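Only a predicted model underlies this, so the values are computations on that prediction, with no experimental measurement involved.
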Amino acid sequence: MQKTEGFNWIRNLRTKWITVRLIKIIAISLAITLVVGAIGINIFHFQIWLMSILFLLILIIALIFKPVWKTSFTEVSRFANNKYPEVEESADLLLQNPEELSLLQKLQLNKIEAILPSLVQPKELFSKIYTSAGILLISVIVSYGITKIPAAKNSLTQSSETDNAIPTIKENILPEISDFTLTITPPSYTKKSIRKQKNFTIKAEDGANANWQIETNIAVKQLNLIFNDKESIGLKPIDASKKTWTFSKTINKSGFYQVVIDGKKSDLYQIEIIADLPVSIKISQPKQHTTIDIGQPQKFTLKANLSDDYGISDAFISATMASGKGEGVSFTEKKLSFETSFGNQKNVSLTKNIDLKSLGMKPGDELYFFIKAMDNHGQSSRSDVYFVSIVDTTELMSLSGMTNGVNLVPEYFRSQRQIIIDTEKLLKEQSSIPAEAFKTRANNLGIDQKLLRLRYGQFLGEENETEIGGDHEDHDEHEEHKGGEEKFGDVTAIMDKYAHKHDIAEDATFFEPEMKAQLKAVLTEMWNSELRLRTYKPQEALPYEYKALRLLKDLQQKSRAYVAKTTVKTASLKPEKRLSGELDKILQPVQKMSFEQKQLRTIYLKTALSILENRRNGKKFTSDEKLLLSETEKYMIGAAADNPASFLTALTSLRKVSAASIVNLKDIDAVQNAIQKMIKTEALKPQPKTTLPASALYQNYFNNLNKSGR
């Protein structure tokens, strides 16, 4: 095919088309690589050379899905027809051999070739380049932001860890110090990284190591650190010019310290310890006192949540089982593990199913248990003690204590116990008796339970079966409310017409409200038992029968009257010393008046308050007052060593007030507030009664009246 000028134009346009699309794919692949690579390198810590492999992989995938080199001349000619109206949709003629064209087609081809040099480059090609460049720019910004995420996290962590590292007072650094660095190495149990700071105030974990590196602008002879105004430690120079000094110390106590350069002291700098808290244990299940009734499974589920500030290393259950009664009680201790790996986690949710039978417990035994946990620093903590007991059916069915004491409840307990015995006997014989006989005996037991329930209902003022849990609104059944002839002049008959002679069931009892409520609970359990016996389900009725009996026995214990037996125990007398008349060891009482150190401290602090108040009014300190303020400063140094956050500022202000010639009212306020905290509130002391001056005269007059009245 002869290559005409028009064909060359189509070919150049196709080349540009492929180039632009290839540039777009490369730019988008690079953008994806930057974002994904930033995530992988900064978050997952991938190697940086993997980005080139990732870029090639993304580019190959993109070219497979969009093979730009397969762009045909027909697609380009179609684009030219749509883009340039001047070609009159005849761009396809540029791709054909001119010798094969008709006369009319040759004329059209010549016309198009004459127009081609004047056609401008299509803007769509350049717009695609601009779009890909914009995507690439956005990806660069996003990847740069991703690289800053770990730094932001670290800065947030450092800021949270050093929230209170900012000094409570402005740090005034000695002019001889040109630069310093304080490096804090947290202990291993915290799993925290080493941090550096440019301020002297320290807030560190208990057991952390602090390293001071101080650089001076001049050569100094001696550089010391004074801790709590007691311990002075000299730093060692690390160079011959004596301009760089270093020192390391393990921080395990709060307090304050000063930097001293050739006798010149700095301000007071605070040291605060972050204490390692023990493991917090919260048991959500079971309740602290749990009773397992008859018919319930002798097992329970233990659920607990453990949390610690740095990590939990281990936890277990310490269980003690009590069996027997009185002097024959025995205790067995066991250690139950949770069978889980803690791995120094900060928060752990624990669940354990405890089978009391597998522990060797039987009815009447009790289980006492608590959870003990250790953190990764070796500290241990324990929860409250929880109790789980199994109801003893033997004790419940016994007759002991039934006839002793003053019993306000009649003896019906034996009937409920007999119902339980008959129910258990029926269950044992169920397989050996006919079904009809089984149903008949179960129904008869239900009738017995009903009769017993009605007898107990009488103690709540219930007159018949329908009044159990009912009301007294239906009065038509009572004969005294039916209409009838009234005798003339019969006041009783007239009153009966408007009065109701029956007692209200709630009030027709002689029981206390608590006993009445428990008796209602007994009737409820009896009703549940009766319901299941009447429906031929004695196995389901048995737990309700036992619970009713347990409530009745408990009610009996509450209704008894007990008289406590008390005796007076006196020391035994020695017969050989009785009536001997030896009085040489009987001395007159001597009262010694002495002030304790605490009382003396309070007196000093109160006197210092008045001295500071006089100083506020412009009076200067005398020598005695300065001596007393120095004693007050000793007490405040001790308080600042124990609680630097509250008293360190006041200690600095006290030294300023003692030394300054011009008083600063803010310093006096700070010192007085601190002294008030140190004094706290004193307990009220007994005071002697105050009497009027003429009370003696009144007393003599009263005595004379008594004499005359005899």
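A heavy-atom distance below 4.5 Å is not found between the side chains of L306 and N347. Y546 places none of its side-chain heavy atoms less than 4.5 Å from the side chain of V391. With a 4.5 Å cut-off on side-chain heavy atoms, L336 and L359 count as touching. With a 4.5 Å cut-off on side-chain heavy atoms, T320 and F369 do not count as touching. Taking the side chain as every heavy atom from C-beta outward, K191 and Y310 never approach each other to under 4.5 Å. Using a 4.5 Å heavy-atom cutoff, the side chains of F300 and V388 are in contact.
When all heavy atoms of I371 and I281 are compared, the pair lying nearest together is O-CD1, 3.5 Å. In terms of heavy atoms, G446 sits closest to R534 at C-NE, 3.7 Å.
With respect to the salt-bridge test (charged N to carboxylate O, under 4.0 angstrom), the residues D422 and K425 do not qualify. Using a 4.0 Å cut-off between a side-chain N of Lys or Arg and a carboxylate O of Asp or Glu, R195 and E205 qualify as a salt bridge.
Atom-to-atom distance recorded for D365:CG and I292:CD1 is 11.0 Å, nearest 0.5 angstrom. One distance of note links CD1 of I274 with CG of D206; it measures 10.0 Å at 0.5 Å rounding. The CG atom of N209 sits 9.0 Å away from atom CD1 of I194, with the distance rounded to the nearest 0.5 Å. Atom CD1 of I390 sits about 10.5 Å away from atom CE of M321, to the nearest 0.5 Å.
In this structure, the side chain of S381 engages the main chain of V279 through a donor-acceptor pair within 3.5 Å.
Side-chain contact of D355 with Q298: a donor-acceptor pair under 3.5 Å is absent, judged by distance alone. Using modelled atom types, one finds no donor on one side chain facing an acceptor on the other under 3.5 Å when comparing E272 with S254. Side chains of E545 and Q449: a donor-acceptor N/O pair is absent below 3.5 angstrom, by distance only. In this model, no donor atom of one side chain and acceptor atom of the other lie less than 3.5 Å apart for T301 and Q285. A donor atom on one side chain and an acceptor atom on the other are found under 3.5 Å apart for S646 and N643.
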N/O donor to acceptor pairs below 3.5 angstrom from side-chain atoms of residues 312-319, sequence neighbours left out:
from	atom 1	to	atom 2	distance (Å)
S313	OG	M374	O	3.0
S313	OG	D375	O	3.2

